[in-house]
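Heavy atoms only: backbone and side chains are in, while hydrogens, waters and symmetry mates are out. All ligand and atom numbering here is 1-based and tracks the order in the structure.
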Amino acid sequence: MKILITGGAGFIGSHLCQRLLEDRHEVLCVDNLITGRRENVQPLEGNRSFRFLLHNISLPLQIQEKIDYVLHFASPASPPDYLMFPIQTMKVGSLGTLNALGIAKAQKAKFLLASTSEVYGDPLENPQRESYWGHVNPIGPRGVYDEAKRFAEALTMAYHREHGLDTRIVRIFNIYGPRMRREDGRAIPNFITQAMSGKPVTVFGDGSQTRSFCFVDDLTEGILKLMESDLHDPVNLGNPSEIRLLDLAKLILQLTGSLSPLAFKPLPEDDPKVRCPDIRLAREKLKWQPRIMLEEGLTRTVDWFREIPLGR
Ligand code: UDP
């Protein structure tokens, strides 16, 4: 297939580009590089089946060649990033999704939206099933991401219902792994970078809030299965093993052999207290479940951070 991926130079997008090329697809990677990195896809650029197009998908894009699948992954995704680019985040979730859906419709291509566990907000149910409508503060600082993705889901379903577009929606839960930026700002890159440089490891709040972290290779497997499926309703992909942030910080200190102290900082506004995916749907319909446990995935991630030059 010829696959257009928006946000293809981002953390998750670049892993998908690589995997799709390994499966002998052609990949057109569209990215404006506000949080993506050209270095993420540089190793792919020698491949004749790969092309990079510098473009902001919130602006219209005319594609002349035949596309079979559109994957819409463009968006700032870490809380500090979407707080730094609140309007860009809302634009790419709304106008960007509209433009990406427009390409899929014009091309009669299939479409997959990268959505997020943030659609559940600060959830009142744990774990979260796809049927849960969520608990989101629309006007809080995180609302720019949450509501943009909720709008993107609604728009995707509208294109499916009104135009019969062949769509999929994946709700992605806390992914980590190689190619996260050091300054990404999310817990895992922060903790690893701080631990490796002997700086205090910043735990927000008392660290009792939970997340469930999924290694990026597990996610890409799940996305490939979802692409091949005929599921139009949203599907959670994530690792259901839940951990308190304080325990994550201690685990990373142990894995890096670091003597960094813990530094407790204020909990950001609207920070979800719990988060854990219910993945029964993915298990049953996609025959998918994550395979890489947290310690192994963290070890691989730490190794990657050790190898990359400090400027990256
Ligand atoms: N967090 C933390 N220290 C950091 C960065 C994040 O304690 O340096 C906490 C954050 O408050 C949240 C959790 O880690 O409770 C996960 O945050 P992250 O930014 O990774 O992603 P989120 O799941 O909130 O989108």
If you look at every heavy atom in Ile57 and Asn99, which pair is closest and at what distance?
O-ND2, 2.8 Å
Of the protein's non-hydrogen atoms, which lies at the shortest distance from atom 3 (N) of ligand 1, and what is that distance?
Thr202 O, 2.6 Å
Is Glu296 salt-bridged to Arg300, cutoff N-O under 4.0 Å?
yes
At under 4.0 Å between heavy atoms, is it the side chain or the backbone of Pro272 that contacts ligand 1, or both, or neither?
neither
Any nitrogen or oxygen of Gln209, main chain or side chain, under 3.5 Å from a nitrogen or oxygen of ligand 1?
yes
Does at least one non-hydrogen atom of Pro79 fall below 4.0 angstrom from an atom of ligand 1?
yes
For a 4.5 angstrom cut-off between non-hydrogen side-chain atoms, does Arg168 reach Met227?
no
Would Gly185 count as a contact of ligand 1 if the rule is a heavy atom under 4.0 Å away?
yes
Asn174 contact mode with ligand 1 (heavy-atom cut-off under 4.0 Å)
side chain
Asp122/Lys273 ion pair, N-O < 4.0 Å
yes
Check whether Glu242 reaches the backbone of Pro127 with its side chain - one donor and one acceptor, N or O, closer than 3.5 Å.
no
Considering both backbone and side-chain atoms of Phe204, is one of its nitrogen or oxygen atoms within less than 3.5 Å of a nitrogen or oxygen in ligand 1?
yes
Measuring from Leu237:CG to Leu286:CG, what's the distance to the nearest 0.5 Å?
6.5 Å
If we number the atoms of ligand 1 from 1 as shown, the ones under 4.0 Å from a heavy atom of Asn190 are 4 (C), 5 (C), 8 (O)
Within the structure provided, determine whether Arg38 and Asp31 are in side-chain contact (heavy-atom separation under 4.5 Å).
no
Relative to the heavy atoms of Phe191, which atoms of ligand 1 are at a distance of less than 4.0 Å?
2 (C), 3 (N), 4 (C), 7 (O), 8 (O)
Measuring only between side-chain heavy atoms, which start at C-beta, is Ser212 closer than 4.5 Å to Cys276?
yes
Under 3.5 Å, is there a donor-acceptor pair linking the side chains of Arg179 and Ser14?
yes
Fit a plane to each ring of Phe215 and Tyr176, take the angle between them on a 0 to 90° scale, and name the class: parallel (under 30°), tilted (30 to 60°) or perpendicular (over 60°).
perpendicular
Shortest protein contact, atom 23 (O) of ligand 1 (heavy atom only)
Arg211 NE, 2.6 Å
Examine Arg142 against ligand 1 and note whether any of their N/O atoms are separated by less than 3.5 Å.
yes
Which ligand 1 atoms, with their elements, are less than 4.0 angstrom from a heavy-atom of Val203?
7 (O)
Surrounding NZ of Lys66 (heavy atoms of other residues, nucleotides or ligands, distance under 6.0 Å), is the total greater than 12?
yes
Classify the contact between Ala187 and ligand 1 as side chain, backbone, both or neither, using a heavy-atom distance cut-off of under 4.0 Å.
both
For atom 15 (O) of ligand 1, the closest protein heavy atom turns out to be Asp271 OD1, 2.6 Å
Where the closest heavy atom to atom 19 (O) of ligand 1 is concerned, which of Lys273, Glu118, Arg186, Arg244 has it?
Arg186
Counting from 1, what ligand 1 atoms have a heavy atom of Pro268 closer than 4.0 Å?
11 (O)
Looking only at heavy atoms, is any part of Arg275 under 4.0 Å from ligand 1, and if so is it the side chain, the backbone, or both, or is it neither?
side chain
Leu245 contact mode with ligand 1 (heavy-atom cut-off under 4.0 Å)
side chain
